[in-house]
Structure formats: structure tokens, C-alpha cells
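Accompanying notes for the structure given below.
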Amino acid sequence: GSSSRLEGLVALASQAAAGRAAASAALSAALWWFDQGGGGTAGELRSLLAAVDGARAAGVNRAEVDRAAAVVAAVEEEERARAEAARAQAARLAAEAAARAEAERAAAERAEAERKAAEKIAAEIAAVRESVRRSMSMPAADRKRFLRGLQVQWHPDRQYDSAAQRELADEISRIVNEAARVAKEQAALVRSKKERTEAFDNLQRYLNRGGSLAPSQVSELKGAIERARVAGVSEGEITKAESLLQRVSP
């Protein structure tokens with residue numbers, strides 16, 4: 001009986017040793033790829049985890065099992081680090097894409113606002129040009145008041161809203177000021193022509209009387225000649241009047 005029990009124990013010990021040897025061999029095989037620095041695939045990592053569990057259960061040398069477990073832990077940490085890096089990169093790329101989209105949206109909004117502002121400015125300038133053009137049919141005094149009103153309304157110093165509004169006021173003021181300058185010159189020409197015509201007609205009244213002038217009219221003729229000269233009546237007409245003056249002077 002004792003001999004049979006001993007044989008049984010020997011057999012069990014032999015089986016256990018064989019199991020440990022097989023588990024150790026399986027563990028070494030599973031570790032081989034990782035020992036070569038290849039890192040291993042997900043399947044190879046699962047095989048290594050199973051080999052570690054098997055070796056631990058089979059009673060393989062603890063140092064050997066612990067080394068394999070450390071490899072597993074290192075690989076898992078690397079996987080977590082790569083996953084975290086991938087998540088961080090994905091978040092960064094998403095943030096960059098969102099920032100680009102926001103920048104593009106803001107740029108589009110600015111461009112649209114600038115387009116609308118430019119259209120508004122162009123429309124306001126066109127409206128002022130048209131009103132100035134139509135004012136040409138007004139009587140001179142009315143047009144002068146109209147242009148003066150535009151000058152006051154669009155004076156750059158009265159524009160407080162923005163630099164763009166002041167630039168618009170500068171442009172409109174330039175248009176209105178030029179129109180006012182031309183209108184002033186035209187009015188001066190009209191006045192000058194009227195004064196010259198009146199002075200000429202006045203001289204003709206004296207010349208048409210021939211040599212018969214009353215003493216008081218002689219003095220009046222002198223004044224008429226001076227006014228004619230100032231008004232720009234031709235020298236020929238002034239010479240005629242001066243000859244008459246010499247003939248009738250006492």
C-alpha cells in the first residue's frame with residue numbers, strides 16, 4: 001500500500017513538473033516577440049496574458065512570471081499612452097478645424113459687412129451727386145442755400161460714428177464744395193456780364209444823345225465811364241464816351 005501511494009505521489013510530482021515546464025515554455029514563447037523589441041500585436045498581448053496566468057497557476061518560477069507580468073504592464077501602459085496621444089491629437093485637430101471654421105465664418109461676415117458698407121457708401125454718394133445735379137435747375141440763391149445745407153450736414157467735423165463715416169463725409173464734402181465753387185464762379189460770371197451789359201447800355205444812352213448834354217449829365221457821364229471801365233466794357237466804347245465827354249465839358 002505504501003509503495004502504491006509513493007508511486008502516486010511521484011506521478012503527481014512528475015505531472016506538476018511537466019506542467020510547470022510546459023507553462024514556462026509557453027511563457028517564454030509568448031515573451032519572444034516582446035523580447036525582440038517588436039512590441040507585439042493585440043493578439044500576441046492576449047497570448048502573453050494567458051501564458052502569465054497559466055504559468056502562475058502552474059507554479060512557474062515567480063521571478064520569471066513577474067518579468068512577464070512587467071512586460072504586460074509596460075505594453076499596456078504604452079497602449080494607454082498611445083491611445084491618450086491619439087485622443088489628444090484628435091482633440092487638437094478638432095479644435096484647429098473648429099478654429100479655422102470660426103475664422104472663415106468671421107472673415108465671411110466681415111467681407112459681407114464691408115460689401116454692404118461699400119454699397120451703402122456708393123448709394124449715398126450717388127444720391128448726393130444726383131441731388132447736386134438736380135440743384136442746377138434751381139435759382140442761384142436757392143441753389144446756394146441748398147449746397148450750404150449739404151456742406152453743413154456732411155462736414156467731417158460733425159461725423160462722430162466711425163472713421164468710415166468720416167471718410168464718406170470727406171468724399172461728399174469734396175463733391176459739394178466743388179459744386180459750390182463752380183456755382184460761385186458761375187454766379188460771378190453772371191453778375192459780371194449783367195454789370196457789363198448795364199454799364200454798356202448806360203454809356204449808349206449818353207452817346208445816343210449826341211453832343212447835347214446838360215451840365216449835370218456831364219458829371220453823370222464821368223461816373224458812367226468809370227463804371228463801364230470797371231465792368232469791362234470794351235475800350236472802343238469807353239473811348240467814344242471819353243470823346244463825347246471832352247466835347248461837352250466846359
Side-chain angles (χ1 to χ4, degrees), residues 111-250:
E112 179 64 13
E114 290 171 358
R115 183 188 66 79
K116 289 182 177 180
E119 288 180 351
K120 181 181 178 182
I121 288 173
E124 290 180 332
I125 291 175
V128 170
R129 288 187 186 276
E130 179 63 15
S131 65
V132 168
R133 185 189 67 80
R134 290 182 178 180
S135 72
M136 295 176 68
S137 62
M138 295 180 179
D142 291 344
R143 189 175 192 226
K144 181 179 180 180
R145 283 192 296 271
F146 172 75
L147 293 177
R148 181 56 183 161
L150 287 179
Q151 287 175 319
V152 172
Q153 176 185 351
W154 288 102
H155 195 286
D157 290 345
R158 294 172 60 90
Q159 312 305 316
Y160 310 113
D161 293 343
S162 64
Q165 189 69 12
R166 286 190 291 274
E167 290 178 5
L168 171 61
D170 284 338
E171 176 63 16
I172 291 179
S173 293
R174 185 190 65 78
I175 294 170
V176 175
N177 290 341
E178 177 63 15
R181 183 190 65 79
V182 172
K184 184 177 181 180
E185 290 179 352
Q186 290 175 340
L189 288 174
V190 169
R191 286 195 304 272
S192 177
K193 182 178 180 180
K194 180 180 178 183
E195 291 170 358
R196 187 165 57 251
T197 299
E198 290 176 349
F200 174 81
D201 291 343
N202 195 29
L203 279 185
Q204 294 306 307
R205 282 195 295 272
Y206 291 102
L207 291 172
N208 290 337
R209 291 174 184 174
S212 57
L213 291 178
S216 62
Q217 292 176 327
V218 173
S219 177
E220 292 173 359
L221 176 57
K222 290 180 180 180
I225 291 172
E226 290 302 318
R227 287 192 295 274
R229 181 173 285 111
V230 172
V233 175
S234 69
E235 285 298 322
E237 296 302 320
I238 291 175
T239 299
K240 292 177 184 179
E242 287 178 336
S243 295
L244 173 62
L245 181 61
Q246 289 177 356
R247 289 198 304 273
V248 299
S249 294

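FYI, side chains are in, hydrogens and waters are out, and symmetry mates aren't considered; it's all heavy atoms of this structure.
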Taking only Lys NZ, Arg NE, NH1 and NH2, and the carboxylate oxygens of Asp or Glu, determine whether Arg229 and Glu242 approach each other closer than 4.0 Å. yes

Hey, are the side chains of Glu226 and Ile238 touching, using non-hydrogen atoms and a 4.5 Å cut-off? no

Taking salt bridge (Lys or Arg N to Asp or Glu O under 4.0 Å) as the test, write out the residues that go with Asp142, two or more places apart. Arg145

Counting distance only, does the side-chain N/O of Thr239 pair as donor-acceptor with the main-chain N or O of Glu235 below 3.5 Å? yes

Rounded to the nearest 0.5 Å, what separates atom CG in Leu244 from atom CG in Leu203? 9.5 Å

Just wondering, do Leu189 and Lys193 contact through their side chains at under 4.5 Å, heavy atoms? no

Got a list of side-chain donor-acceptor pairs under 3.5 Å for residues 118-126, not counting sequence neighbours?
unit_1	atom_1	unit_2	atom_2	d
Glu119	OE1	Arg115	NH1	3.2
Glu119	OE2	Arg115	NH1	2.5

Using side-chain heavy atoms (C-beta onward) and a distance below 4.5 Å, is Glu178 in contact with Arg181? yes

Do Val128 and Val176 come close enough that some side-chain heavy atom pair is under 4.5 Å? yes

Looking at side-chain heavy atoms only, is the closest gap between Ser135 and Leu150 below 4.5 Å? no

What I'd like to find out is whether the side chain of Arg158 reaches to under 4.5 Å of the side chain of Val152, using heavy atoms alone. yes

Should Arg196 and Phe200 count as side-chain neighbours, where that means a heavy-atom distance under 4.5 Å? no

Under a 3.5 Å threshold, yes or no: a donor from one side chain and an acceptor from the other, between Asn202 and Arg205? yes

With a cut-off of 3.5 Å and sequence neighbours excluded, list every side-chain donor-acceptor pair involving residues 216-224.
unit_1	atom_1	unit_2	atom_2	d
Gln217	OE1	Ala214	N	2.8
Glu220	OE1	Tyr206	OH	3.0

